A.B. asks: 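This is the structure I have questions about; it appears just below.
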Amino acid sequence: IAKLVKPGERVLVMFAGVGPYAIVIAKLAKPKEVIGVEINPTAVEYFRKNVVLNKVQDIVKIYEGDVRDVVPKLEGKFDRILMPAPYSAEDFVYLLKDKVKIGTYVHYYTFAGEEEEDDILPRKVENLFKRYGMIIKIEKIKACGSYAPRVYRYVVDLKIKELFQDNPS
């Protein structure tokens, strides 16, 4: 993902953990700002230490708390949002509507069976984002880890194409 970040981007990492995505992006790309949100206080403690050890404190900002509370309070829109929580990312898509603009990239993680990859998964993700007022274009779906036999963790790289009021039907 860091290789996809363009210079000057503003990046949000939801469920940031100890900061692997935020720190790698800050070190390898040239983002304007990377904001990491994490609820686990122990993870946040290590995230803060990792930011200092990697000398990215001028780029990476850490917010401790639940994304449901923190994200709505963040100012402005983002160029790229990472949602690396495959167990529950779908429960937090509603938070994105006020934080994206046309052209924002979202890296959405989820679990699915390998038989879902070509048809079911793309439709499911498109419908999920549409439910919250976002028309998307899926650019890539990649299996990035096995979860169980024939069940994988996927990252769906998508771009916001259109925004409208919720519940268009």
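As the structure is a computational prediction, the values presented were derived from the model and not from experiment. FYI, the numbering just counts along the sequence from 1.
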A.B. asks: Should Lys99 and Val71 count as side-chain neighbours, where that means a heavy-atom distance under 4.5 Å?
C.D. replies: yes

A.B. asks: Might you point out which heavy atoms bring Ala29 and Ala2 nearest each other, and give the distance in Å?
C.D. replies: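 In this case the closest contact between Ala29 and Ala2 is CB-O, 3.6 Å.
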
A.B. asks: Which residues pass the side chain to side chain contact (heavy atoms under 4.5 Å, CB included) test with Lys6, not counting sequence neighbours?
C.D. replies: Glu9, Arg80, Tyr105

A.B. asks: Could you tell me which non-hydrogen atom of Ile136 sits nearest to which non-hydrogen atom of Val125, and how far apart they are?
C.D. replies: CD1-CG1, 3.8 Å

A.B. asks: Go through the structure and list residues passing side chain to side chain contact (heavy atoms under 4.5 Å, CB included) with Lys140, not counting sequence neighbours.
C.D. replies: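 Result, side chain to side chain contact (heavy atoms under 4.5 Å, CB included) vs Lys140: Lys142, Asp157.
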
A.B. asks: Minimum heavy-atom separation for Met83 and Leu96, please, with both atom names.
C.D. replies: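 Where Met83 meets Leu96 most closely, the heavy atoms are SD-CD1, 3.7 Å.
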
A.B. asks: I want to check something: taking the side chain as every heavy atom from C-beta on, are Phe78 and Lys101 in contact at a cut-off of under 4.5 Å?
C.D. replies: no

A.B. asks: Less than 4.0 Å between a side-chain N and a carboxylate O, is that true for Glu64 and Arg48?
C.D. replies: yes

A.B. asks: Clusters formed by hydrophobic residues whose side-chain heavy atoms approach within less than 4.5 Å: which one holds Val24, and what are its other members?
C.D. replies: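 Cluster partners of Val24: Leu28.
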
A.B. asks: So do the side chains of Ile141 and Pro122 get within less than 4.5 Å of each other, counting heavy atoms only?
C.D. replies: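 In short, these two side chains touch, coming nearer than 4.5 Å.
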
A.B. asks: Who else is in the cluster with Leu4 when I, L, V, M, F, W and Y are joined by side-chain contacts under 4.5 Å?
C.D. replies: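 For Leu4, no cluster forms, as it stays isolated from other hydrophobic side chains.
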
A.B. asks: Holding to side chain to side chain contact (heavy atoms under 4.5 Å, CB included), I want the full list of residues that pass it with Pro20, two or more places apart in sequence or in another chain.
C.D. replies: Val18

A.B. asks: Ring pair (Phe, Tyr, Trp, His ring centres under 6.0 Å): which pairs involve residues 9-41, sequence neighbours left out?
C.D. replies: Phe15-Phe92

A.B. asks: Just to verify, what does Arg68 make a side-chain hydrogen bond (donor to acceptor under 3.5 Å, both in side chains) with, not counting sequence neighbours?
C.D. replies: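 side-chain hydrogen bond (donor to acceptor under 3.5 Å, both in side chains) check on Arg68 returns Asp66.
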
A.B. asks: Less than 6.0 Å separating the ring centroids of Tyr87 and Phe111?
C.D. replies: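 Under 6.0 Å, so yes.
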
A.B. asks: Could you pull out all residues at least two apart from Glu162 that satisfy side-chain hydrogen bond (donor to acceptor under 3.5 Å, both in side chains)?
C.D. replies: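 Counting only residues at least two positions away or on another chain, Glu162 forms no side-chain hydrogen bond (donor to acceptor under 3.5 Å, both in side chains).
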
A.B. asks: In chain order, what residues pass the side chain to side chain contact (heavy atoms under 4.5 Å, CB included) check against Leu128, with sequence neighbours excluded?
C.D. replies: Glu90, Val93, Tyr108, Arg131, Tyr132

A.B. asks: Do any pairs count as a salt bridge (Lys or Arg N to Asp or Glu O under 4.0 Å) and have a residue in residues 19-41, sequence neighbours left out, and if so which ones?
C.D. replies: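 The answer is Arg10-Glu33.
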
A.B. asks: Using every non-hydrogen atom in the two residues, find where Gly65 and Val37 come nearest and quote the distance to one decimal.
C.D. replies: O-CG1, 3.7 Å

A.B. asks: May I ask whether Val13 and Tyr109 are part of the same hydrophobic cluster, defined by side-chain heavy atoms of I, L, V, M, F, W, Y residues being less than 4.5 angstrom apart, directly or through others?
C.D. replies: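 Same cluster: Val13 reaches Tyr109 through Ile, Leu, Val, Met, Phe, Trp or Tyr contacts under 4.5 Å.
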
A.B. asks: Which salt bridge (Lys or Arg N to Asp or Glu O under 4.0 Å) pairs, counting each pair once, include a residue from residues 49-63, with sequence neighbours left out?
C.D. replies: Glu45-Lys49

A.B. asks: Hey, does Asp79 have a side-chain heavy atom less than 4.5 Å from the side chain of Thr104?
C.D. replies: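 A side-chain contact under 4.5 Å is absent here.
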
A.B. asks: Provide the full list of ring pair (Phe, Tyr, Trp, His ring centres under 6.0 Å) pairs with a residue in residues 27-52, sequence neighbours left out, each pair given once.
C.D. replies: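 Matches after skipping sequence neighbours: none remain.
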
A.B. asks: Determine yes or no for a side-chain-to-main-chain donor-acceptor pair under 3.5 angstrom, with Arg153 supplying the side chain and Cys144 the backbone.
C.D. replies: yes

